[in-house]
Amino acid sequence: MNKKGFIFDLDGVIVDTAKYHFLAWKKLANSIDIDFNLEQNEQLKGISRVHSLEKILEWGNKTLSEDKFMELMARKNNDYLNYIDQMDESEILPDVTKILEYLKQQNQPIALGSASKNARAILKRVKLIKKFDAIVDGNDVSKAKPHPEVFLNATRALKINAKDCVVFEDSVAGIQAANIANMISIGIGEKSILKEADFVFKDFTEISIEFLNKLTNVEKKVIQ
Ligand code: BG6
Ligand code: MG
């Protein structure tokens, strides 16, 4: 079997933290009289914390001083961390552990490529941190998805060429980042949203071992 680099996004791919981001952003937005709904939350997936707050303020037609902006960012993250503190293995999305274990058993390099600065804390809580050969998160990058920096850093850490990497992502920005880096992009979620992905699956229960094996033998744009 050929070696590929398998890069996993975290939020919405390994664990369903989008619901916690939603609750924390909604509380924050409502506290400054801005409405916030699930549709808007969808647009924040894969987007950094700073850009998320900028978008919310834009939707609410508000401008804030830098101090106030930093204060709100901290407040949102504190609320979010309270949810994270309650997490355990039961919040790992279906078949994620099975896929990680299969890849490990096949000696395939595995990395995390996430925009979150809380990635390590979450992986520890759900006891998956040891499954990753490399972790690249929001603390390691200066350019947010759709810029491919996070995935390119992951390929470097794994010592695998970008063209030999496969990315699992639930966000449009993340799929775009993988495509820009010329990696095989696998969308986890709705086909109607993740239109630009090379493949889309509702979740990992739809991904077969045969499909994973096939991935290890092909390069971007070759598989049909
Ligand atoms: C991404 C999430 O993984 O991480 C975004 O999809 C989030 O919703 C971003 O804003 C940054 O996360 P954090 O945990 O650093 O605020
Ligand atoms: Mg995500």
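One-based numbering along the sequence shown. All ligand and atom numbering here is 1-based and tracks the order in the structure.
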- Message: Determine whether K19 and L23 satisfy the following criterion, side-chain contact (heavy atoms from CB on, under 4.5 Å), listing intermediate values before the conclusion.
- Response: CA-CA 6 Å; K19 61 187 179 208; L23 293 171; 5.5 Å; no
- Qualifying residues under side-chain hydrogen bond (donor to acceptor under 3.5 Å, both in side chains), relative to H147, sequence neighbours excluded: none
- Query: Among I84, V50, I47, which residue places a heavy atom closest to atom 9 (C) of ligand 1?
  - Reply: I47
- Item | Closest candidate by heavy atom, reference atom 1 (C) of ligand 1, pool V150, D11, T17 | D11
- Take the Mg ion (ligand 2) and tell me which protein N, O or S atoms are nearer than 2.8 Å. D9 OD2, D11 O, D170 OD1
- Which ligand 1 atoms, with their elements, are less than 4.0 angstrom from a heavy-atom of K45? 6 (O)
- Message: Is the contact between S52 and ligand 1 made by the side chain, the backbone, both, or neither, using heavy atoms and a 4.0 Å cut-off?
- Response: side chain
- For ligand 1, is any non-hydrogen atom under 4.0 Å from H21's backbone (N, CA, C, O), its side chain (CB onward), both, or neither? side chain
- Item | D9 side chain to S171 backbone, donor-acceptor under 3.5 Å | no
- Message: For R156, is there any backbone N or O sitting under 3.5 Å from a side-chain donor or acceptor partner on K159?
- Response: no
Identify the protein heavy atom lying closest to [atom], giving its residue, its atom name and the separation to 0.1 Å.
atom	answer
atom 16 (O) of ligand 1	R49 NE, 2.8 Å
atom 15 (O) of ligand 1	K117 N, 2.7 Å
atom 8 (O) of ligand 1	L44 O, 3.4 Å

- Angle class for the Y83/Y20 ring planes (parallel below 30°, perpendicular above 60°, tilted otherwise)? parallel
- Aromatic Y102 / basic K104 pairing, under 6.0 angstrom, 45° off normal: no
- Could you go through the side-chain contact (heavy atoms from CB on, under 4.5 Å) check for L123 and I135 one step at a time? CA-CA 10 Å; L123 286 179; I135 294 176; 3.9 Å; yes
- Pairwise distance NZ(K145) to NE2(H51) - rounded to 0.5 angstrom: 14.0 Å
Based purely on interatomic distance, does [X] place a nitrogen or oxygen under 3.5 Å from a nitrogen or oxygen of ligand 1?
X	value
Y80	no
N77	no
N118	yes
S116	yes

- Does at least one non-hydrogen atom of G46 fall below 4.0 angstrom from an atom of ligand 1? yes
- Query: Measuring from the heavy atoms of L10, does anything fall under 4.0 Å of ligand 1?
  - Reply: no
- Message: Would you say the rings of F201 and F168 are close, in the sense that their centroids are separated by under 6.0 Å?
- Response: no
- Message: What verdict does the side-chain contact (heavy atoms from CB on, under 4.5 Å) test give for L215 and K4, after you've listed the backbone C-alpha separation in whole Å, the side-chain angles of each residue and the deciding distance to 0.1 Å?
- Response: CA-CA 8 Å; L215 282 180; K4 286 272 172 189; 5.8 Å; no
- Message: Taking the side chain as everything from C-beta on, heavy atoms only, tell me whether L28 gets closer than 4.5 Å to D79.
- Response: no
- Task: Decide yes or no on side-chain contact (heavy atoms from CB on, under 4.5 Å) for D11 and K45, but give the supporting numbers first.
- Result: CA-CA 8 Å; D11 297 308; K45 284 187 180 171; over 6 Å; no
